[in-house]
Structures are given as C-alpha cells and as structure tokens.
Amino acid sequence: MNITVEGKQVEIPAEATCGDALKAGLSGKRFKATVAAQAGDALLDLSAAVPAGATELTPVLLESPEGLEILRHSTAHIMAAAVLRLFPKTKVTIGPSIATGFYYDFDPVRPFTVDDFEAIEKEMRRIVEAAEPFTRSVEDKTASIARFTAKDEPYKVEIMGDIQDPTVSLYTLGDFIDLCRGPHLPSTAFAKHFKLLSVAGAYWRGNEKNKMLSRIYGTAFATEAELKAYLHRIEEAKRRDHRKLGRELDLFDFHEDVAPGMVFWHPKGMLVRTILEDFLRKEHLKRGYELVQGPQLLRRELWERSGHYANYRENMYFTEIEGDAYGVKPMNCLAHMLIYGSALRSYRELPVRYAELGVVHRHEMSGALHGLLRVRQFTQDDAHIICTPDQLEAEIIGVISFIRDLFTLFGFSYKIGVATRPEKSIGTDADWERATKALIKALEKIDIPFVINEGDGAFYGPKIDCRVTDSLDREWQCSTVQCDFTLPERFELEYVAQDGSRQRPVMVHRAILGSLERFIGILIEHCAGAFPTWLAPVQARVITVTSQHDAYAESVCARLRLAGIRTETDLRNEKLGYKVRAAQMDKIPYVLVIGDKELEDEGVNVRLFGGDSLGFKTLAEVEALIREDSEAPFKRGGMNYRFS
RNA sequence: GCCAACUUAGCUCAGAUGGUAGAGCAACUGAUUCGUAAUCAGUAGGUCGGGAGUUCAAUUCUCCCAGUUGGCUCCA
C-alpha cells in the first residue's frame, strides 16, 4: 500500500497505523513533534489505522493550531482523570478545548475551589510523567450506555442518547474511560505545559433550567515559553484594567451600596468626558447634525406604542407620577421622533439628523455588570437620521465615514459586520432588501472591508456593527447603524414630497462610540491610563527642585493655563526624584522641571511621560510643543479640535 | 438571575484554636533645600460589608441580605 507523506511516497503494510506511515515518511525530529494525522478533513490518532482509500497523510504538529487544540482537549481529559482519582464520586460531563485553553464541567460532590488546584495539578503532573497512552476503542452504543449507566455517569448516558451512530468511540486513560470523539495525543507525555486558571458555575448544556455544574478552566501550550507568555499577558491585562486605573488615576468610582452599575465621575474623569463630549458635539455640528435633548421619563403609553413595552420591558425601569406609569428611557429614539413630528416637514428639510448625548438606563442582570464596560446607566453618542429612501445610501456612507474617522483618530483598529434579517422579524421583504443593500453598497463605495452576519439583525431592520480591538486583542462592540421602518410607521412620521403627497421617511439609528462609559473604559485600557495629550486631564505638571523656585513655578503654571494648557504645580517639600516619580505614576504627558538654571534663563526643563528628556525649552516653545502634540492625532482622523 | 470565591485603615494586603487588630503606600506635622521613578522622623486613621443567631465573649462559627470578582449554549 502506497501513501504520500509531505510529498514523499511511502510504502506501508496494509495493517499499518497512521503513526507507522508518518514515521516512515518524516524525519525523526519531525515525527517526534507529531501528535495526530490528517487524512482529507479527518483528524486521526496516530494509533488509528490508515483509512482505506487514503492517498495522502499530513502530520499534525503539536505547535500547529490543530495540534494545540488536540493538546488542550487531551489536557482536559488528563484533568478529568486527575479529578476522578482525587474525588472518585465526581460525575463527568464535557471538556472541550476553547480559544484560550480548555475547560471541563463536573458534577461534583462539592463544588471545586481554586484551593483544589494544587492537588489536581499535582495529580495531573503524575499522569503526564507516567506518559500514559490515550487508547481509543469503538463500542456498540447500547453496550456503552449500559456501561456508563453502571458507572453512574448520567450525563454521558444523556449525551449518548443524542448520538445517531450505532457505535461510539471511547478513550481510556488509565482507569478513566470517557466518551469522546477524539483525536487525542499519543500519550500524556506531550502535555507538560499547562495551568489551571479558574472555577466557575456553568449550567449543564448552557440552559439555566438545568443543574449548575462546576467548571474548571485551564490552559495548555506546546512549550513552557508560550505558557509563560500567555500568563504574562493575563498579568498585563490586569495591569491595564480600567477599574484599577480608574481608582489610581482618580477618574471615577462606584458606590456599589447605593448605585450598583452606575458611575460616579471624579473631577479628572469628568474632565476627560467633557473634552470627549465637546469634541463629539463639534464634530456632529460640522457634519450637519443638530443637537436635541428629550426628557428622561416618558409615559408608559408611549413605550407601548413604540413596541418597547412589549419587547424591552424587562430591561426598563418604571416609576409613577400622580398615578401614571412612566418609563425611564433605555433609548433616545422616541423623543427624537416626537421632535420630528412636532411640525409638518417638507422634503426640503430632509435629511434631518438629530444628535443627543443621551443618558439611558437599562436593567442589566447583576452578574453581568463590569466596571465601565457594562453598566446600568450610560451615555450614548446617539443620533437619528430621518430621510427619504433615496437619501438612505448617502446617509449611511456619511455615518460610516464618521465611524472610520473617529476610530482612526483614536488609533483603534476595527471590524465591520453587516447583520441581515433574522427569522423573527417584522417588515416587508422589499424594505429589508432595500435597506440591507443600502448598507452593503455604502460599505463597498467607501471601500471598507466587512463580513456578513447572517440573521443577526435587529427585529425591525438590518444593522452594521463595528467592533473595536484593543491593544490586548479583545473585541468590543461600539458603533451600531440600524435601518428602521417600524418606528416611522408606528409614529406616523411624514414629509411633504415635491408633488405635494405625504410620504413616509426612513429612519437610521446610529451610535458611533456607542456608550461613552464603555468607550472611555476601553480607551483607558488601550492607552494603559496614559491618555493622549488632547484628552489628558492634566497635560503638564510644573515641579520644582527646591522651594526657592516655587514663585516662578506658579507664574509658569498661570501662563500656560492662560494659553489653554491644563497645567498644575507640585510644590511639595520633596526631592525632585519623588515628584518626578509621582508625575510618572499619574501618567502626565509633560513634566516641566524648574531649578536654578531654568529660573535664571526663564524656561523649563521638559521631561516626557516615559522618561525621555527634551532639555531646556522657553515657555513659548513649550506652549507650541504641547499644542502641536494635542493636534497631532487629528491629522490621522482628518479633523481638527481644540478644547479651551 | 444562577454557581463559586471574596468584602479588614483612602489604596494594596497581613492576622488570630472565638478573648474587639497590624504593615507598606497615601494623608497630616516637623526636620531637611535636595536636578529627572520613592529623604528621615513622628502623628492620626478601623463598630474587620450590613443584619440576625450561637456563646460569658463574634471581626473570627452559623444563617440571611447587599456588593464585588470570575463564569453561565466554543458542546462526546
């Protein structure tokens, strides 16, 4: 029997395993790094027979993506075997590999805690050192169900019940027999570099009606260096955590006892927000938006009319005023519609673009709250564009350009998706097609790559989502652009067309940064707390070598403030090094040092955040320097802006 | 909402078989007048998340509540 291995013809006996075949075709070193075989689309154990009719066999190396997946899946099995040795009454369920590692869900006698990890890891090491093989066997399903029923493994029995094939495959690792599709590592010796990370509750089959299981998360890598690098990344993420930085930099905090999920902005954080808001308002005005603002509370009947009461009530807060129910707004659109409807509109007025930095409240489950990234009260940079169907495409192009300009400015990379009609939806096919086409055409026209997310649209219309990737490769949904035919219908919005007839306009909901709270949270993590100069709450801090320089420092600070530069002094009776360190930890972009020399020559010594020194500069030079730095990012975004 | 862990000074964290707590940083006071990531000394700061129970005695044990954190349809 002949088979091709990496371009080489290999002669093998009929009963040969994949391992035999690969061994014959690969160098010793390469074969040693091989954990499985690939024939066509199928991944096979090395111990599996070469499938009949196969003409080519590809080695799956440990460090390849497929190899890593096998490694992690096998490590999950090793963990399960270790858990069963230590806690024999535990029932096993499933243990897949995931993007960053693996997990295994157990139904334990008592839920596991991280304190159990040491013992479990130790037992896992023992299994790895013993270099035990994973042995595959195929069994009649009925026999297997009887076997696992006898072992009192109800979850496995349930899974087998769902399997269509008359036979199932089992993998044996020491005493541990598990129902598993495989493939697995040839032996546990390949799984040397792993770590258990966390425990969590997880519903059996993800359904909250089912029993809560105890899940252990872990990760595994081909080499110790990669494992270390991954763990280091987790540490890095903790260092950049916006919740930690928010407290350290005195930007915001939470008072969980009185307002869970709602932010208290401290002066410095509020300044960052204010600058951002100021910039956004000006940018909206430049682009032909008008600023509006609706009330926070609207009578229940209005929410019934819009469909929110039927579809969104669980996420809304209600209160009562003189016996009438009022809903706290979770979205800004209703007020905007009412403003539009307050007068008879002509086609000449369209498109109308109403923008509002709208504060909305949404009830999120307590377990879902997360710093600034998931809150119950947040501010949307929201707008509603009401236009004729003909204007739709141009308006969408305008919105997407706006998105592109802003994210370029902040230095984020982003991914665009178009979500199409879901199964449960309202509206006519023609409307859906027109709107979906308009979204896609707009993206194509300005040449922005996107993916189609089939059936992921809102029930009332298709949408464009924009996800931002931060410096740690985590994705966050920010922008959203949604076509809506329902609300104009329900609120009977009209305009008078050229021919005098009454026509129904189309509406586009859009938010660009999304939630200011979330955006600032992402921004903090993206820049690790060191804001770009234009957003930094303190742009420059003047520090003195000795108290003899204090008076001059005060005058420097006053002058820079007059020039619109956010400046403060640190005149504490401390050594220079102490004050430099403090400024560095406060992540202030410019530290202006004043000693005898600077006092005499009427300037400052400039130290940048990060430690670079620019040496002596006159005050005029410093002003120009900081101004230029503040304006630099806008060159990327094709905008300009000054806060003062 | 559900599961688990956690909640001690402004922050980061120690601590005791149940006998009402300690460090570093920050704050304040004083000395020091100093050149690019921490000068020294002193002072003050806590009903140990809230409530109830057990006990001679609870921050520690038990229960309830609140909040935080990590998870909760990546599928043999």
Side-chain angles (χ1 to χ4, degrees), chain A residues 69 72-73 76-77 92-105 108 110-116 141 144 148 153 155-165 168-171 178-182 197-217 238 241 243-244 247-248 250 253-261 314 363-371 543-550 572-586 591-598 605-615:
Chain A
E69 212 180 308
R72 288 171 173 172
H73 184 193
H77 273 243
V92 294
T93 69
I94 60 166
S97 76
I98 54 173
T100 56
F102 62 85
Y103 67 80
Y104 207 112
D105 284 347
R110 68 154 173 86
F112 297 111
T113 76
V114 285
D115 297 335
D116 297 319
K141 194 170 88 183
S144 205
F148 280 91
E153 289 286 6
Y155 299 95
K156 289 291 171 191
V157 172
E158 186 179 328
I159 292 163
M160 275 184 264
D162 294 341
I163 295 176
Q164 303 298 321
D165 292 350
V168 295
S169 62
L170 305 175
Y171 279 82
D178 199 3
L179 170 73
C180 184
R181 182 188 291 147
L197 297 174
S198 59
V199 288
Y203 298 107
W204 167 235
R205 301 200 145 174
N207 187 334
E208 61 187 308
K209 295 202 172 72
N210 288 341
K211 185 163 184 190
M212 176 69 71
L213 305 171
S214 182
R215 173 175 296 182
I216 300 181
Y217 281 97
K238 278 189 198 152
D241 191 319
R243 295 167 295 187
K244 180 174 145 78
R247 193 171 43 238
E248 286 172 2
D250 200 15
D253 72 346
F254 289 89
H255 294 252
E256 292 88 2
D257 47 341
V258 297
E314 309 73 54
H363 181 73
E364 298 286 346
M365 289 196 291
S366 57
L369 300 178
H370 181 87
I543 64 179
T544 48
V545 178
T546 78
S547 55
Q548 290 156 28
H549 314 112
D550 288 359
R572 287 180 295 176
N573 179 13
E574 296 287 352
K575 287 165 100 170
L576 184 62
Y578 179 91
K579 292 193 268 194
V580 166
R581 179 173 184 267
Q584 174 73 22
M585 297 210 305
D586 290 340
V591 178
L592 310 177
V593 178
I594 291 173
D596 287 343
K597 187 179 171 307
E598 291 73 23
N605 201 290
V606 180
R607 181 195 197 271
L608 302 178
F609 172 74
D612 288 345
S613 174
L614 299 183

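Chain naming here is simple, since letters A, B, ... match the order of the sequence lines and numbering starts at 1 in each.
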How far apart are the closest heavy atoms of A:Cys180 and A:Ser169, and which atoms are they? O-OG, 2.5 Å
In whole Å, I'd like the distance from the CD atom of A:Glu256 to the P atom of B:rC6. 18 Å
Separation between the C1' atoms of B:rU7 and B:rA27, rounded to whole Å: 24 Å
Base of B:rU33 paired with side chain of A:Ser547 (donor-acceptor, under 3.5 Å): yes
Across the strands shown, which category fits A:Lys597 at heavy-atom distances under 4.0 angstrom: base, sugar-phosphate, nothing? base
Given the P atoms of B:rC11 and B:rA5, what is the spacing between them in whole Å? 24 Å
Between the base of B:rG1 and the side chain of A:Glu364, is there a donor-acceptor distance below 3.5 Å? no
If you look at every strand shown and take non-hydrogen atoms under 4.0 Å, does A:Ser214 touch a base, only sugar-phosphate, or nothing? nothing
Nearest-Å distance for atom pair CH2/C1', residues A:Trp204 and B:rC74: 15 Å
B:rC74 phosphate, OP1 or OP2, under 4.0 Å from A:Arg72 side-chain N/O: no
Take atom CE of A:Met585 and atom C1' of B:rC25, then tell me their distance rounded to the nearest Å. 9 Å
In the strands shown, is B:rA58 matched to any nucleotide by a Watson-Crick or G-U wobble pair with both distances under 3.5 Å, and which? none
Nucleotide forming a Watson-Crick or wobble pair with B:rG70, both distances under 3.5 Å: B:rC3
Regarding A:Glu574, tell me which of base, sugar-phosphate or nothing describes its non-hydrogen contacts under 4.0 Å with the strands shown. base
Phosphate oxygens OP1/OP2 of B:rU68: is one of them under 4.0 Å from a side-chain N or O of A:Arg243? no
Measure from CG on A:Leu213 to P on B:rG70 and round the result to the nearest Å. 21 Å
Interatomic distance where CZ belongs to A:Arg581 and C1' belongs to B:rA38 [whole Å]: 5 Å
Expressed in whole Å, how much space separates the C1' atoms belonging to B:rG49 and B:rG67? 8 Å
Sub-3.5 Å donor-acceptor pair from the side chain of A:Lys211 to the main-chain atoms of A:Tyr203, do we have one? no
Quick one: label A:Leu369 by what it contacts on the DNA or RNA (base, sugar-phosphate, nothing), any heavy atom closer than 4.0 Å. sugar-phosphate
So, the side chain of A:Gln584 versus the backbone of A:Phe609: is there a donor-acceptor pair under 3.5 Å, distance only? no
Tell which nucleotide pairs with B:rC63, taking only Watson-Crick or G-U wobble pairs whose two distances are both under 3.5 angstrom. B:rG51
Candidates B:rA37, B:rC34, B:rC72 - which lies nearest the side chain of A:Val580: B:rA37
Closest to the 5' end of RNA chain B, once A:Leu576 and A:Phe112 are matched to their nearest nucleotides, is A:Phe112
Check whether any side-chain heavy atom of A:Ile159 lies under 4.5 Å from a side-chain heavy atom of A:Arg205, and answer yes or no. yes
Counting only N and O atoms by type, is there a donor-acceptor contact under 3.5 Å from the side chain of A:Thr93 to the main-chain atoms of A:Tyr155? no
Kindly say if A:Tyr217 contacts the phosphate of B:rC72, meaning a side-chain N or O under 4.0 Å from OP1 or OP2. yes
Can you tell me the Watson-Crick or wobble partner of B:rA23, both distances under 3.5 angstrom? B:rU12
Looking only at atom C1', what distance separates B:rU43 and B:rA26, rounded to whole Å? 14 Å
Do A:Val580 and A:Ile543 have side chains that get closer than 4.5 Å, going by heavy atoms? yes
Using the C1' atom as the point on both nucleotides, what is the distance between B:rC74 and B:rU62, in whole Å? 41 Å
Just N and O in the side chain of A:Arg247: are any of them under 4.0 Å from OP1 or OP2 of B:rU68? no
Can you tell me how far P in B:rG46 sits from the matching atom in B:rA57, rounded to whole Å? 26 Å
Distance check, C1' atoms only: B:rC65 and B:rU73, in whole angstrom units. 31 Å
Measure from the side-chain heavy atoms of A:Ala200 and tell me the nearest of B:rA38, B:rU36, B:rG71. B:rG71
Rounded off to whole Å, could you give me the NE2-to-P distance for the A:His370 and B:rC72 pair? 13 Å
Using a 4.0 Å heavy-atom cut-off, does A:Gly367 contact any base of the nucleic acid, only the sugar-phosphate backbone, or nothing at all? base
Testing B:rG1, B:rU33, B:rG71 for proximity to the side chain of A:Arg215, the answer is B:rG71
Under a 3.5 Å cut-off for both contacts, is B:rG45 paired Watson-Crick or G-U wobble with anything, and if yes, with which nucleotide? none
Base, sugar-phosphate, or nothing for A:Val168, non-hydrogen atoms under 4.0 angstrom? base
OP1 or OP2 of B:rU36 sitting under 4.0 Å from any side-chain N/O of A:Arg607? no
Donor/acceptor link under 3.5 angstrom from A:Tyr203 side chain onto base of B:rG71: no
What nucleic acid atoms does A:Asp162 come within less than 4.0 Å of, heavy atoms only: base, sugar-phosphate, or nothing? nothing
Determine the contact category for A:Ile163: base if any of its heavy atoms lies under 4.0 Å from a base atom, sugar-phosphate if only primed atoms, P, OP1 or OP2 are that close, otherwise nothing. base
Could you pick out which residue, A:Ala99 or A:Ser366, lies toward the 5' side of RNA chain B when each is mapped onto its nearest nucleotide? A:Ser366
Base-pairing mate for B:rC75 - Watson-Crick or G-U, with both contacts under 3.5 Å: none
With a 4.0 Å cut-off on heavy atoms, is A:Asp596 in touch with a base, just the backbone sugar-phosphate, or nothing at all? base
Under 4.0 angstrom between A:Tyr104 side-chain N/O and B:rC74 OP1 or OP2: no
Side-chain heavy atoms of A:Glu153 within contact of A:Val92, under 4.5 Å: yes
Of the listed nucleotides B:rG67, B:rG35, B:rC75, the one nearest the side chain of A:Ile94: B:rC75
Does the side chain of A:His73 get closer than 4.0 angstrom to OP1 or OP2 of B:rC75 through an N or O atom? no
From the options B:rA37, B:rA76, B:rC2, select the nucleotide whose nearest atom is closest to the side chain of A:Met212. B:rC2
Side-chain contact test, heavy atoms from C-beta onward, threshold under 4.5 Å: evaluate it for A:Val591 versus A:Val606 and give yes or no. no
Closest to side chain of A:Tyr103, choosing from B:rA37, B:rC74, B:rA4: B:rC74
Tell me the partner of B:rA31, counting only Watson-Crick (N1-N3 plus N6-O4 or O6-N4) or G-U wobble (N1-O2 and O6-N3) with both under 3.5 Å; none if nothing fits. B:rU39
A:Thr544 and side-chain hydrogen bond (donor to acceptor under 3.5 Å, both in side chains): which single residue from A:Glu574, A:Lys579, A:Arg572, A:His549 fits? A:Lys579
Any base atoms under 4.0 Å from A:Gly101, or only sugar-phosphate, or nothing? Heavy atoms, all strands. nothing
Let me know the distance between CD of A:Gln584 and P of B:rU36, rounded to the nearest Å. 15 Å
Measure from NZ or CZ of A:Arg215 to the centre of the six-membered ring of A:Tyr103, then state whether that distance is under 6.0 Å and the direction lies within 45° of the axis. yes
Mind checking the C1' distance from B:rU68 to B:rU29? Whole angstroms is fine. 37 Å
Picking from B:rA37, B:rC34, B:rA27, the nucleotide nearest the side-chain atoms of A:Thr546 would be B:rC34
Would you mind classifying the nucleic acid contact of A:Glu598 as base, sugar-phosphate or nothing, using non-hydrogen atoms under 4.0 angstrom? base
